[in-house]
Amino acid sequence: MSHRIGIGYDLHRLVTGRPLTLAGVSIPHDRGLLGHSDGDVVLHALCDALLGALGQPDIGELFPDTDPAWKDADSRRFVREALARVHGAGYRVGNVDLIIHAERPRLAPHKPQLRQALADLLNVPLDCIGLKAKTNETLDAVGRGEALACWAAVLLEPTTPSRDRKGAPFQAAGGSGRP
Ligand code: MG
């Protein structure tokens, strides 16, 4: 088996009355991301990158926003399912690289915490997580502070034997890894 790459993208509106959660981390802000789930654009982009690398259905197909089960769901659930599919298909996460587009709030102070949260969620060493936070130079919806967006790229490595990057055996994976 060869290495596989995946790419993911997501954008959510910023609205009042919602908490802001990025990479599963609560970020202080006067607005949060609108969505059927918690609206975590970082984890949604990451999830689609993982699933895309496997050639599997995307997050919207697996966890449709018409399903009450995913109402206000913690998006870490989606990533854990995608990760189980990665392991089930005989791969592990090699590295991840992300770009968050946010005019407000400024994310630079939060980057170390976000990287650590992503490393913990994927169970990979910290240097396997790249994270950039970019403004949109005040242009378009992101630049006006009306939305946040995220791009994610992942590299998957074939596993022989089935161990993660820290040498631990994988937990039981969900299903065969096939849709
Ligand atoms: Mg989304």
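In each ligand, atom 1 is the first atom listed, and ligand 1 is the first ligand listed. Values below: all heavy atoms of this structure, side chains included; hydrogens, waters and symmetry mates excluded. In this text, all values refer to a predicted model and were calculated from it rather than measured experimentally.
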Pairs touching residues 47-69 that satisfy ring-ring contact (aromatic ring centres under 6.0 Å, His included), sequence neighbours left out: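 Passing the test, one end in residues 47-69: Phe63-Trp70, Phe63-Phe78.
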Pairwise salt bridge (Lys or Arg N to Asp or Glu O under 4.0 Å) hits with a residue in residues 68-77, at least two apart: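 Passing the test, one end in residues 68-77: Arg18-Asp72, Asp74-Arg76.
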Exceeds 12 heavy-atom contacts within 6.0 angstrom, atom NZ of Lys111: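 Result for NZ/Lys111: enclosed.
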Evaluation steps, side chain to side chain contact (heavy atoms under 4.5 Å, CB included), between Leu46 and Leu118: CA-CA 10 Å; Leu46 172 60; Leu118 291 163; 3.9 Å; yes
Residue list, side-chain hydrogen bond (donor to acceptor under 3.5 Å, both in side chains) with Asp97, at least two apart or on another chain: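 Only Lys132 meet the side-chain hydrogen bond (donor to acceptor under 3.5 Å, both in side chains) criterion with Asp97.
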Geometric class of the His12/His44 ring pair [parallel <30°, tilted 30-60°, perpendicular >60°]: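 Plane angle over 60°, so perpendicular.
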Sphere of radius 2.8 Å around the Mg ion (ligand 1) - protein N, O or S atoms inside: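 Those protein N, O or S atoms (cut-off: under 2.8 Å from the Mg ion (ligand 1)) are Asp10 OD2, His12 NE2, His44 ND1.
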